[in-house]
2 protein chains.
Amino acid sequence: MAQRGQSDAAGRSRRAPAENAAEITTPMPAIGGNGLRDRARAIPEAAVARLAVYLRVLSGMREQGVGSVSSEELSVAAGVNSAKLRKDLSYIGSYGTRGVGYEVEVLVDQIERVLGLTREQSVAVVGIGNLGHALANYGGFPGRGFPVTALFDVDPDLMGVPVGGIPVAHIDDIPSVCAAREVTIGVIATPPPAAQAVCDRLVEAGVECILNFAPVVLQVPETVEVRKVDLAVELQILSFHVARRADHAPAEDATPAQRVNGVANPNGVAVRR
Amino acid sequence: MAQRGQSDAAGRSRRAPAENAAEITTPMPAIGGNGLRDRARAIPEAAVARLAVYLRVLSGMREQGVGSVSSEELSVAAGVNSAKLRKDLSYIGSYGTRGVGYEVEVLVDQIERVLGLTREQSVAVVGIGNLGHALANYGGFPGRGFPVTALFDVDPDLMGVPVGGIPVAHIDDIPSVCAAREVTIGVIATPPPAAQAVCDRLVEAGVECILNFAPVVLQVPETVEVRKVDLAVELQILSFHVARRADHAPAEDATPAQRVNGVANPNGVAVRR
DNA sequence: GCGACTTTGTGCCCGCGTTCACAAGCAGCT
DNA sequence: AGCTGCTTGTGAACGCGGGCACAAAGTCGC
Ligand SMILES: NC(=O)c1ccc[n+]([C@@H]2O[C@H](COP(=O)([O-])OP(=O)(O)OC[C@H]3O[C@@H](n4cnc5c(N)ncnc54)[C@H](O)[C@@H]3O)[C@@H](O)[C@H]2O)c1
Ligand SMILES: NC(=O)c1ccc[n+]([C@@H]2O[C@H](COP(=O)([O-])OP(=O)(O)OC[C@H]3O[C@@H](n4cnc5c(N)ncnc54)[C@H](O)[C@@H]3O)[C@@H](O)[C@H]2O)c1
């Protein structure tokens, strides 16, 4: 989301337009000389997403024994502009050494701190179907600080069946299980019609962050953070580009594929024609 | 709902440096009096993502026999601001009737046209593991104009095995199979180390749109459009919000969960605290 | 110890996307 | 026909994020 911030539904008690800002505003009441520890917090959401990417790249570097990196190197590896990278890093503090670069170890620690990864975020997956199975079996989450600790479904045949090492529980147990395992993030992978009800249950259970794979617009209290992953929308966006290309450059020159590889695609994002 | 996805992607996520413009610029060489048919094309990518959402909502309405909607109704259902919705729709033309609203049927047709859904987009999935299986078995894509017509992997045990009705082929067959089945979109669901190589093969095979699930930054020619879905990043963004909440409002008042349900969350997007 | 070089951190500008607010336009009623 | 009321479509303002370019700051060599 990139996706970026959004607006409020019309008709509603229109909340302050200020809220709309993608800015994660937290001016911090200018507490006296509390020192640098909790400096100004106002990290754009887009920057947070990139920080996660930097973290992944940095983790890889650390594993390969790389001790330090310059903003230039890191930006290339992460597929972004180096100035943007430096600005992103500046949001979390000044941990670089001018003339030298950044210490990988330090950067990893700091980004993890800002992203709240120092504390493990326990994840619950609801809807253990095709997608739920894939998520539960995926080994990449625990290693990144997101242990999947609870699975829920309504299918009687799934009850108690271990998936990825964790037995599936009934959604009626969401409150108790989520509380017991301190679930902080709920993932919804149920059919669309069940999504809102499941969401409500998770919210009632105290889960304040939800990742939704069902193609529906969820209604949640203001205190809850929702992100959605809509694969059909992703495909449609790609389709849009195919369409544009097609009717915009109808007569392409002969060679159907003259590659220009080597050209960096900034951040894995679409590059225009 | 919105939320970038990735937005934008945030986000979407997720731009190119120079080509960073989210604008899908296409000034249209001002072709003579070609009429309204292909009017000015300059639909912001963010708007395209939302159009896909409107389309889903509208399709649902059509199935329920709804004949027409006002921008207000539709915007609530889609979780966006009504003014934004109208502007988004205005990018594709003027199909509303002032004082009345929009005809559902017309809107569906027009959005499908703009998104290039009048032509089916054949999809190929590479890497038939946990995620690949889920994607191949998912029944929601064909119905939306995205038939999955080819599956590839390197695992000998998978060769020829049908998944979701389609036999898995070897990645060496990517060129021939993609050409034969007119694949326009390639989905990468391989382990990260294999992603770039697979991507290169798809590109060589003429696939110009790629949806990447592997957490790596892909290098592609300018002609190729890449979108990435990084679930770990999504979780980390959610984690960031947990962290902010935690150390920003350390002393919450007693009640651990006083819900405020009923309050619409505009677009399923994060609502600040 | 001093100068030259390198890289960070950021002030500033620019441009896109979001939002407001209203004129334009259409339907239906009188 | 004319008037009323409603909803669309959009001009204009605003604000955020992106990128440039440079001053600050630290390192390294001599
Ligand atoms: N599989 C994919 O590749 C894919 C792609 C895009 C979107 N999605 C979306 O993800 C969601 C899951 O997809 P899937 O393919 O895994 O579906 P699925 O049908 O394979 O699995 C759904 C699971 O949810 C369970 N379920 C049903 N009602 C429930 C409820 N009220 N509470 C808890 N669990 C319930 C079912 O028992 C089943 O196990 C759907 O909303 C789908 O639209 C999936
Ligand atoms: N499963 C998830 O929920 C999940 C979540 C986040 C990210 N991902 C990412 O998605 C990708 C796939 O995940 P997964 O869980 O399905 O992995 P997986 O290991 O289950 O499946 C990977 C598949 O790719 C195949 N493969 C390996 N090398 C290949 C190559 N060179 N060409 C073609 N196929 C090849 C393997 O044979 C295997 O079938 C990974 O990059 C993973 O990081 C998965």
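Numbers restart at 1 for each chain; the letters A, B, ... are given by sequence-line order, proteins then strands. Everything quoted here is computed from the prediction, not taken from an experiment.
Contact between the side-chain N/O atoms of K87(A) and the OP1/OP2 oxygens of dT10(C) is not found at any separation under 4.0 Å. An OP1 or OP2 oxygen of dG17(C) is reached within less than 4.0 angstrom by no side-chain nitrogen or oxygen of N81(B). For R50(B), a side-chain nitrogen or oxygen approaches OP1 or OP2 of dT18(C) to under 4.0 Å.
Applying side-chain hydrogen bond (donor to acceptor under 3.5 Å, both in side chains) to H241(A) and the options E225(B), R227(B), E208(B) leaves one that passes, E225(B).
Rounded to a whole Å, the NZ atom of K84(A) is 18 Å from the C1' atom of dT8(C). Taking atom CD of E72(B) as the reference point, atom P of dC20(C) lies 12 Å away to the nearest angstrom. Straight-line distance from the CG atom of L74(A) to the C1' atom of dT8(C): 13 Å, rounded to whole Å. Rounded to a whole Å, the CZ atom of R86(A) is 14 Å from the P atom of dG11(C). In this entry the distance linking CG of L89(A) with P of dT10(C) reads 11 Å, nearest Å. Between the P atom of dG17(D) and the CD atom of E45(A) lies a distance of 10 Å, rounded to the nearest Å. Taking atom CG of L107(A) as the reference point, atom C1' of dT8(C) lies 12 Å away to the nearest angstrom.
Under the side-chain hydrogen bond (donor to acceptor under 3.5 Å, both in side chains) criterion, Q236(A) pairs with no residue, sequence neighbours left out. Residues that satisfy the side-chain hydrogen bond (donor to acceptor under 3.5 Å, both in side chains) test with E105(B), not counting sequence neighbours, are R62(B). Evaluation of the side-chain hydrogen bond (donor to acceptor under 3.5 Å, both in side chains) rule for R144(A) yields no partner, not counting sequence neighbours.
A donor-acceptor contact shorter than 3.5 Å links the side chain of Q196(A) to the backbone of Q219(A). A distance-only check finds a donor-acceptor pair linking the side chain of S239(A) to the backbone of L115(B) [under 3.5 Å].
E103(B) and S68(B) share no side-chain donor-acceptor pair at under 3.5 Å. With hydrogens and angles left out, the side-chain atoms of T118(B) and R113(B) include no donor and acceptor closer than 3.5 Å.
A rotation axis mapping the C1' atoms of four pairs onto the next four is fitted at both ends of the helix from dG1(C)-dC30(D) to dT30(C)-dA1(D) over five pairs, and the angle between these axes is 10° to 10 degrees.
Residue pairs meeting the salt bridge (charged side-chain N to carboxylate O under 4.0 Å, His left out) criterion with at least one member in residues 63-83 of chain A: none, sequence neighbours excluded.
Of the candidates dT18(C), dG9(D), dG9(C), the closest approach to any side-chain atom of Y102(B) belongs to dG9(D). Counting only heavy atoms from C-beta on, S70(A) has its side chain closest to dT7(C) among dG17(C), dT7(D), dT7(C).
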I'd like a list of close polar pairs between nucleotides 25-27 of chain D and the protein, N/O only, cut-off under 3.5 Å.
unit_1  : atom_1 : unit_2 : atom_2 : d
dA25(D) : O4'    : R98(A) : NE     : 3.4

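Closest-nucleotide positions on DNA chain D for D88(A) and A83(B) were compared, and the one nearer the 5' end corresponds to A83(B).
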